[in-house]
Amino acid sequence: MPSWEFPASRITASRMCSGRRSARVPDGDGWGFCGSVVVTGCVKELKPSSTRRIFYQRIRGCFPGAGGCMTGVVAGGMRRTSAGSGRKKGLYRRSGLANMCASMSDKQKNAISPRREEDFPEWYQQVIRAADLAENSEVRGCMVIKPWGYAIWERMQGVLDRMFKETGHRNAYFPLFIPLSYLEKEAAHVEGFAKECAVVTHHRLEMKDGKLVPAGELTEPLVVRPTSETIIGAAYARWVKSWRDLPILLNQWANVVRWEMRPRLFLRTAEFLWQEGHTAHETREEAEVETMKMLRVYETFAREFLALPVLTGEKSESERFPGALQTYCIEAMVQDRKAIQAGTSHFLGQNFSKASGIQFQGRDGAVEHAWTTSWGVSTRLIGTLIMAHSDDDGLVLPPRIAPAHVVIIPITPKEDSKAAVLEAAEALAKSLRASTFEGEPVSVEVDARDIGGGVKSWEWIKKGVPVRIEIGPRDLTQGTAAVSRRDRPHKEKDFLPMADIPSRMAGILDDIQAQLLARATAFRETHLKPIDSKEGFYAFFTPANSAKPEIHGGFALAHWNGTPEVEEQIKNDLKVTIRCIPFEESPEPGVCPFTGAPSRQRVVWAKSY
RNA sequence: CGGGGUGUAGCUUAGCUUGGUAGAGCGCCUGGUUUGGGACCAGGAGGUCGCAGGUUCGAAUCCUGUCGCCCCGACCA
């Protein structure tokens, strides 16, 4: 086996025009390498104006024993060999080529390639793939949520559902299809959702020339729900007659469809899973209290279970839910310092009750419109979780939301001790399951598959299981087991007395949970900055390398004159928006750095998902 | 919708300029050796080269059309 030497520092990740993951090296010759590197096509022109045409060239080397292929891009002199109309295969051909090879001494240090700082969006996709959470479906924008990903969602559902019940809500289910006319009822709502609706126009298929074609056109098209305010509003209108019928406090777990232009797994998909709470109240105050109460539920859930410190506040007018009077949000910062709206709670006023005719006779006998709210979180929380905590070895799950707390990996190098090791592993699993964490039995997986121990460990690292326990023959004689934590470097392991492990597990899990929250909080604090000048603001949000922006920026706390025009300008200039107007006990007045106009308080600005 | 790319096995892809039996690595299967951190050896399965026409004795390769996907923009609680 040859050894692989390469100046790894000179490779940086680059998103090529083909969209494939690559590595980039400076052009030049003479980088020695040994082994087979397969050169494929040219993908990007480097210096079109140079006398010698230089291109980045995508290369791919397959290295025996590397456990995978390496991709890279190398610059070399290229020539264009053919052109013409139509599809061009083999447009570019290799003529000169700088030698290159990826550093194999650097291989497998991390499970995920590229690393976060190299290419955050690509890293995100690779984490999902490595942890086996989900994959893209054949229908653009839709995803298949695989068992491990769905298990996380089920955990979220379980906790949230309990919290909703504790706050007096019950579950119900409303139809997927909404009559087109319902959506027309609320003007702002139409405006907000019309552009991304899937519409059902037929109810039958007929065979024509061997092809199935839609037939049986509907008299009124049906919209696949992008959200359910209108159809639930229609039901509430039927149900509410008297003030005694109020409040109605319902939630539904459902899928919704919004035809997104640019889907990303979990973050923005055409179809996604969520819960939507819809309540109707007798008074404005009651509805406002409800809106805020559910925001607090989300905030608590994010902090206590997902280990996500979230900012809470109100959305500016331009970010408000279409049809709402006020939209409140929880806003998280993820590791590329961007903001992500992780949940929203809307005070809808009487807009929807007027649109749907939710009327009741009040205590004074007068007919009034109900006051409604809606609030929701979605599978986007999974994406948020991934981007907030995961590292270059894959997913990192907070124990309180992890589908499994512990995985036990029996190490069975010798046939004669194998049975004893497996038995010990099962015994430990049993006693662990008898112990509790947060009032629930500790959930344990025993991975007894007959494959290499290293492979097995890495699989669970990538899946983000909080605690791994290895048990081998040596442990049997010593009465110990090797305990590793996902929040610590993967090589680190504590040999704990096996008998102590069940009683200590809850403490370990608690500590991991706390560490993740502390880490995420410290990260956010580091990248949350008060900014008072326009120059400082623009500098904060301008990457040093505009061609391939590095991770930069964060949350800027800046004053604002309160007008949408300023927001619009900033958005156009920097792609930065107001994420929320934080709730302030005592707002600090100041001066809008963009206009010089007076400002009531600082607001949170950031780039966002 | 505009601009730019791309399509060969589950994944990453070679082959195309110059037409002649479709190759590789990873992954997968089988057997053996292994196993305390991403194993090795041997054997094996897997491809109507996106689709449809055309040129040709012969097309992954040339031509025409078409579809999908990716990136940038527009758009987006």
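Side-chain atoms are counted along with the backbone in the values below, which use heavy atoms only and exclude waters and symmetry mates.
- Counting non-hydrogen atoms under 4.0 angstrom, A/Glu196 reaches the backbone sugars and phosphates but no base.
- Using a 4.0 Å cut-off, no side-chain N or O of A/Arg268 falls inside it from OP1 or OP2 of B/rA77.
- With B/rG38, B/rA77, B/rG37 as the choices, the nucleotide that has an atom nearest any side-chain atom of A/Phe193 turns out to be B/rA77.
- Across B/rC75, B/rA77, B/rG36, the shortest atom-to-atom separation from the side chain of A/Arg258 is found for B/rA77.
- Residues passing the salt bridge (Lys or Arg N to Asp or Glu O under 4.0 Å) test with A/Lys338: none are found, sequence neighbours excluded.
- Figure legend: A/Lys185 and A/Tyr182 shown as a cation-pi pair, the cationic atom lying under 6.0 angstrom from the six-membered ring centre and within 45 degrees of its axis.
- Not counting sequence neighbours, A/Asp494 has no partner by the salt bridge (Lys or Arg N to Asp or Glu O under 4.0 Å) test.
- Between A/Arg262 and B/rG73 there is a side-chain polar atom (N or O) within less than 4.0 angstrom of OP1 or OP2.
- Annotation: salt bridge (Lys or Arg N to Asp or Glu O under 4.0 Å) contacts of A/Arg258 (sequence neighbours excluded): none.
- A/Thr312 pairs by the side chain to side chain contact (heavy atoms under 4.5 Å, CB included) definition with A/Leu295, A/Arg296, A/Glu299, A/Ile330, A/Phe583, not counting sequence neighbours.
- Dashed line: the shortest gap from a side-chain N or O of A/Lys575 to OP1 or OP2 of B/rG73 is under 4.0 Å.
- Partners of A/Phe541 by ring-ring contact (aromatic ring centres under 6.0 Å, His included), not counting sequence neighbours, listed by chain and number: A/Phe537.
- At a non-hydrogen distance threshold of 4.0 Å, A/Glu319, A/Phe321, A/Pro322 from residues 316-325 of chain A come into contact with RNA chain B.
- Taking 3.5 Å as the limit, the base of B/rG36 and the side chain of A/Lys491 contain no donor-acceptor pair of atoms between them.
- Within the structure, every pair that satisfies the salt bridge (Lys or Arg N to Asp or Glu O under 4.0 Å) test and touches residues 452-467 of chain A, not counting sequence neighbours, is listed here: A/Arg449-A/Glu459.
- With sequence neighbours excluded, no residue satisfies salt bridge (Lys or Arg N to Asp or Glu O under 4.0 Å) with A/Glu415.
- Base-pairing analysis of RNA chain B finds the following stems of at least three consecutive Watson-Crick or G-U pairs, with both pairing distances under 3.5 Å: B:1-7 with B:67-73, B:10-13 with B:23-26, B:28-33 with B:39-44, B:50-54 with B:62-66.
- In this structure, A/Glu186 places its CD atom 14 Å from P of B/rA77, rounding to the nearest Å.
- The shortest distance between the side-chain N/O atoms of A/Lys456 and the OP1/OP2 oxygens of B/rG37 is not below 4.0 Å.
- Using a cut-off of 4.0 Å between Lys/Arg side-chain N and Asp/Glu carboxylate O, A/Glu135 and A/Arg129 are scored as not salt-bridged.
- Applying the ring-ring contact (aromatic ring centres under 6.0 Å, His included) test to A/Trp259 and every residue at least two apart in sequence or in another chain returns nothing.
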Report, one pair per line, the protein and nucleotides 42-46 of chain B atoms (nitrogen or oxygen only) whose separation is under 3.5 Å.
none

Got a list of side-chain donor-acceptor pairs under 3.5 Å for residues 339-349 of chain A, not counting sequence neighbours?
unit_1, atom_1, unit_2, atom_2, d
A/Gln341, OE1, A/Lys315, NZ, 3.2
A/Thr344, OG1, A/His346, NE2, 3.4
A/Ser345, OG, A/Thr291, O, 2.7
A/His346, ND1, A/Thr327, OG1, 2.9

